[in-house]
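See structure below.
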Amino acid sequence: MEDMRAFRDAVGGWAAGGPGGPASDLAARLGVRTAVLLEGLSDLAAVEALAARRGRDLAGEGVCVLPMGGAMSVGRYTELLGPPGLGLCLAGMCDEGERIFYDRGLERARAPRRDFFVCVTDLEDELIRALGTARVEEIVRAEGDFRAWQTFTRQPAQHGRPRQRQLRRFLGTKRGRKIRYGHLLVEALDPDRVPAPLDGLLTSL
């Protein structure tokens with residue numbers, strides 16, 4: 001796992017304009033075969049949580065899950081890791097509103113789209129719908145965030161908004177909260193209620 005994190009860091013440095021040699025060397029040494037391109041750390045937390053639940057050792061299977069720091073970076077990552085670069089298989093997941101960036105990046109890199117999955121709105125919305133708002137509120141309470149949640153729902157901007165939209169917005173109001181709940185919400189899912197984009201991604205790897 002540490003070695004795969006080193007590869008992830010090397011790719012991040014390469015994407016930021018650094019040398020590609022370290023990433024290329026690590027890819028060969030670790031037997032990396034697939035790069036999973038995700039928008040951010042909350043998506044990474046969810047994918048890793050589901051992989052653990054299913055007994056998958058993605059790093060051991062040669063799969064590196066890469067949060068890119070935003071969908072607009074996907075063109076750079078597909079260029080470096082796909083057919084024009086290291087020649088890895090590419091997979092990924094994105095929000096509905098960011099699909100255009102993925103489509104453009106994959107087209108430029110001449111990479112297939114079959115293992116890329118799109119969330120309706122975003123992954124948090126998918127998870128909240130799969131669990132139901134009452135179950136998500138139970139998790140919020142168990143995590144000690146219920147008072148903050150109640151304060152949030154009393155804000156004028158939240159009056160009249162559906163509970164699902166309130167919860168989705170709440171998860172993004174504090175730094176690190178989306179990452180933590182990305183893991184927690186996946187752990188709470190019934191096995192047959194995993195959102196289709198997340199299930200499809202793991203199944204494709």
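Note that the numbering runs from 1 along the sequence shown for the chain.
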Margin query: Does Arg56 form a salt bridge (charged side-chain N to carboxylate O under 4.0 Å, His left out) with Glu61? I'd like the steps, not just the answer.
Written below: CA-CA 8 Å; Arg56 299 281 300 274; Glu61 297 171 23; 2.8 Å; yes
Notebook entry, point to check: What distance do Phe101 atom CZ and Asp103 atom CG have between them, rounded to the nearest 0.5 Å?
Noted result: 11.0 Å
Notebook entry, point to check: In Å, rounded to the nearest 0.5 Å, how long is the span from SG of Cys119 to CG of Asp125?
Noted result: 9.0 Å
Notebook entry, point to check: In terms of side-chain heavy atoms, does Gln150 have a donor or acceptor partner in Arg147 at a distance below 3.5 Å?
Noted result: no
Check: Without hydrogens or angle criteria, can the side chains of Arg163 and Gln166 be said to hold a donor-acceptor pair below 3.5 Å?
Finding: yes
Would you say [Y] ends up clustered with [X] if hydrophobic residues are merged whenever their side chains have heavy atoms under 4.5 Å apart, either directly or through other cluster members?
X: Phe152; Y: Val136; value: yes
X: Tyr181; Y: Ile128; value: yes
X: Met4; Y: Val65; value: no

So, [X] and [Y], do they make that salt bridge, N to O below 4.0 Å?
X: Arg129; Y: Glu126; value: yes
X: Arg135; Y: Glu138; value: yes
X: Asp122; Y: Lys178; value: no
X: Arg29; Y: Asp25; value: no

Item checked: Close side-chain approach of Leu66 and Val11, heavy atoms under 4.5 Å -> yes
Checklist line | Side chain proximity check, Met93 to Val47, heavy atoms < 4.5 angstrom | finding: yes
Next item on the list: Determine, step by step, whether Leu127 and Val186 satisfy the side chain to side chain contact (heavy atoms under 4.5 Å, CB included) criterion, reporting the C-alpha distance in whole Å, the side-chain angles of both residues, the deciding distance to 0.1 Å, and the verdict.
Entry: CA-CA 7 Å; Leu127 291 170; Val186 169; 3.9 Å; yes
Check: Glu48 pairs by salt bridge (Lys or Arg N to Asp or Glu O under 4.0 Å) with which of Arg8, Arg54, Arg53?
Finding: Arg8
Notebook entry, point to check: Quick one: does NZ or CZ of Arg113 land under 6.0 Å from the six-membered ring centre of Tyr102, within 45 degrees of the ring axis?
Noted result: no
